[in-house]
Amino acid sequence: MTGRHRRHRRPAAFALAGALMSAVALGACATDSADSFAEDYTAYLRGRSDVTSFRVHPNNAVLSRGSVDTVVSLRAGLPDEDVARAARELAAHRGGAVIDEHRIRVEFSARDSSGGPVAAEIYLVPGSDNPRLGDPARYLDWVRRTRQFTASNPGVTAVRAWRTAIAAESSRDAYPLAESLDRFVADDSGGIRELSVTGSDCVLQWDAEDAPAELGRYRDLLALLPAGTSPVHCRATSQRPEPAAAVYLTVSRTTPDTVVESIRARAAEIGLPAQIAVAA
């Protein structure tokens, strides 16, 4: 009986060993795929005269073919058509290895309404079901829309779109740019769900189905600070999981106690949930 039991266990042990060897081999292939793709793509980018800098990062996975994240900066001053053509070519290049997903951030130059420089960015995911990310025929439209947006706003310094989010930065107060960005996404969201603006006075964050108007009440609180005084930190958000617009404000430790109390009183008066802190 003992001998028969031993003979039954041996095939199971061999099967387990074979499965482990297969998993290891699959993991090695997956790792090789991401690394190989990244190596080939790096060589491809080095040969492009319209690329000024880039970063290519392979993401190895044990039981899949992995993914690659790429950031490409294009030469400043390229017209819309050239930026879009470069985006199409960057998305089309596959190399010899197969991976699960390639995510590409394409940085290009733009101008604000005063002619100041703006860092602009579109996001590509070749093969994505989202046309903004995966349809090469849509890239030109998003390049044009992005540049039209920046050219319509004074003080905007950056606008970057990702898979489900868009973020803009301004050297001026945040709220006017937030209203403009909300209209930009409302015209064609392209799957964007989270919006944010970082301005000289505050950071504003909201969801695409909301409006930034509720966030605009942060200005009532900042107006109570002494003239020429800026908050140490200001963030107004209505993004989930926040149930409603809320403000997180930190003021300088030199701010008079009476001013701090007046800010808290004003937040309560207008029904704005707010956490007011004094910097250490």
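This chain uses plain numbering: 1 for the first residue, then up along the sequence.
A donor-acceptor contact closer than 3.5 angstrom is absent between the side chains of D112 and T150. Neither side chain, S238 nor Q205, offers a donor N or O lying under 3.5 Å from an acceptor on the other.
When all heavy atoms of N130 and G191 are compared, the closest pair comes out as ND2-CA, 3.9 Å. Here the closest non-hydrogen pair linking A76 and S109 is CA-OG, 3.6 Å. Between P273 and A245 the shortest heavy-atom distance is CD-O, 3.3 Å. The two residues P58 and D35 come nearest to each other via the heavy atoms CG-OD1, 3.4 Å. A pairwise comparison of heavy atoms in Y139 and A91 identifies OH-CB, 4.0 Å as the closest pair. For the residue pair C202 and R235, the shortest heavy atom distance occurs at SG-N, 3.5 Å.
Ion pair R266/E261 not flagged as a salt bridge, since none of the NZ, NE, NH1 or NH2 atoms sits closer than 4.0 Å to an Asp/Glu carboxylate oxygen. Looking at R240 and E209, a side-chain N of the basic residue comes within less than 4.0 Å of a carboxylate O on the acidic one, giving a salt bridge. Salt-bridge check for R160 with E107: failed, with every basic side-chain N at 4.0 Å or more from each acidic carboxylate O. Between R85 and D82 there is a salt bridge, since at least one side-chain N of the basic residue sits less than 4.0 Å from a carboxylate O of the acidic one.
A donor-acceptor pair is defined here as one N or O able to donate and one able to accept, closer than 3.5 Å; no such pair exists between the side chain of S128 and the backbone of G134. Under the 3.5 Å distance criterion, the side-chain polar atoms of S189 are left unmatched by any main-chain donor or acceptor of A186. Although no hydrogens or angles enter the test, the distance criterion places no donor-acceptor pair under 3.5 Å between the side chain of T255 and the main chain of V251. No donor-acceptor pair under 3.5 Å is formed between the side chain of S196 and the backbone N or O of A167. Under a 3.5 Å cut-off, the side chain of T52 and the backbone N or O of S73 do form a donor-acceptor pair. Here the side chain of S36 pairs no donor or acceptor atom with the backbone of S33 at under 3.5 angstrom. No donor-acceptor distance shorter than 3.5 angstrom exists from the side chain of S114 to the backbone of G116, with no hydrogens or angles considered.
For D187, the CG atom is densely surrounded, since the number of other residues' heavy atoms within 6.0 Å is greater than 12. For E194, the CD atom is densely surrounded, since the number of other residues' heavy atoms within 6.0 Å is greater than 12.
Note: the hydrophobic cluster containing L224 also contains L215 (ILVMFWY, side chain heavy atoms under 4.5 Å, direct or indirect links). W162 is not connected to V56 by any chain of hydrophobic side-chain contacts under 4.5 Å among Ile, Leu, Val, Met, Phe, Trp and Tyr, and they are in different clusters. A single hydrophobic cluster is seen to contain both V143 and L78, as judged by linkage of ILVMFWY side chains at heavy-atom distances under 4.5 Å, directly or through other members. Hydrophobic cluster membership is shared by I270 and L249, with clusters built from Ile, Leu, Val, Met, Phe, Trp and Tyr side chains linked at under 4.5 angstrom. Hydrophobic cluster membership differs between L45 and V71, with clusters built from Ile, Leu, Val, Met, Phe, Trp and Tyr side chains linked at under 4.5 angstrom.
In this structure, CG in L181 is found 8.5 Å from CG in N153, a value given to the nearest 0.5 Å. From H93, atom NE2 reaches atom CD1 of I104 across 10.0 Å, with rounding to the nearest 0.5 Å. Note that CD of E242 and OG1 of T237 are 5.5 Å apart. Values are rounded to the nearest 0.5 Å. How far CG of L204 is from CD of E179: 10.5 Å, rounded to the nearest 0.5 Å. Rounding to the nearest 0.5 Å places CG of D100 at 5.0 Å from CZ of R65. In this structure, CG in L177 is found 8.5 Å from OG1 in T157, a value given to the nearest 0.5 Å.
The closest side-chain heavy-atom distance from V118 to F149 is not below 4.5 Å. The shortest side-chain heavy-atom distance between Y218 and D201 falls under the 4.5 Å cut-off. Counting heavy atoms from C-beta on, the side chains of L225 and L222 come closer than 4.5 Å. L90 places a side-chain heavy atom less than 4.5 Å from the side chain of V106. No side-chain heavy atom of F184 sits under 4.5 Å from any side-chain heavy atom of L195. Between V156 and E169, every side-chain heavy-atom pair lies at or beyond the 4.5 Å cut-off. Y41 is not listed as a side-chain neighbour of V68, based on a closest heavy-atom distance of 4.5 Å or more. The side-chain heavy atoms of Y44 and E89, taken from C-beta on, include a pair separated by under 4.5 Å.
With sequence neighbours left out, A120 forms a side-chain contact (heavy atoms from CB on, under 4.5 Å) with F108, A110, T146, V159. In this structure, the salt bridge (charged side-chain N to carboxylate O under 4.0 Å, His left out) partners of E214, at least two apart in sequence or on a different chain, are R217. For the side-chain contact (heavy atoms from CB on, under 4.5 Å) test, residues two or more places apart in sequence or in another chain that qualify with R163 are E101, R103, Y123, V125, L133.
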Subject >> Derivation and outcome, side-chain hydrogen bond (donor to acceptor under 3.5 Å, both in side chains), residues N59 and S67 >> reply: CA-CA 5 Å; N59 304 293; S67 63; 3.2 Å; yes
Original post:
How far apart are the C-alpha atoms of R144 and E81, what are their side-chain angles, what is the distance that settles it, and do they pass the salt bridge (charged side-chain N to carboxylate O under 4.0 Å, His left out) test?
Top reply: CA-CA 9 Å; R144 284 175 172 165; E81 292 77 9; 3.0 Å; yes
Original post:
Under the side-chain contact (heavy atoms from CB on, under 4.5 Å) criterion, do R132 and R138 qualify, and how do the steps go?
Top reply: CA-CA 6 Å; R132 174 175 64 89; R138 295 293 307 279; 5.6 Å; no
Subject >> Stepwise salt bridge (charged side-chain N to carboxylate O under 4.0 Å, His left out) test for R145 and D80 >> reply: CA-CA 10 Å; R145 288 191 65 217; D80 296 349; over 6 Å; no
**OP:** Apply side-chain contact (heavy atoms from CB on, under 4.5 Å) to the pair V197 and V203, showing each step before the final yes or no.
**Re:** CA-CA 6 Å; V197 169; V203 177; over 6 Å; no
Original post:
Which is it for V247 and L221 under the side-chain contact (heavy atoms from CB on, under 4.5 Å) test, yes or no, and what are the steps along the way?
Top reply: CA-CA 9 Å; V247 174; L221 308 187; 4.2 Å; yes
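Taking the six-membered ring where the residue is Trp, the centroids of F37 and H102 are separated by under 6.0 Å.
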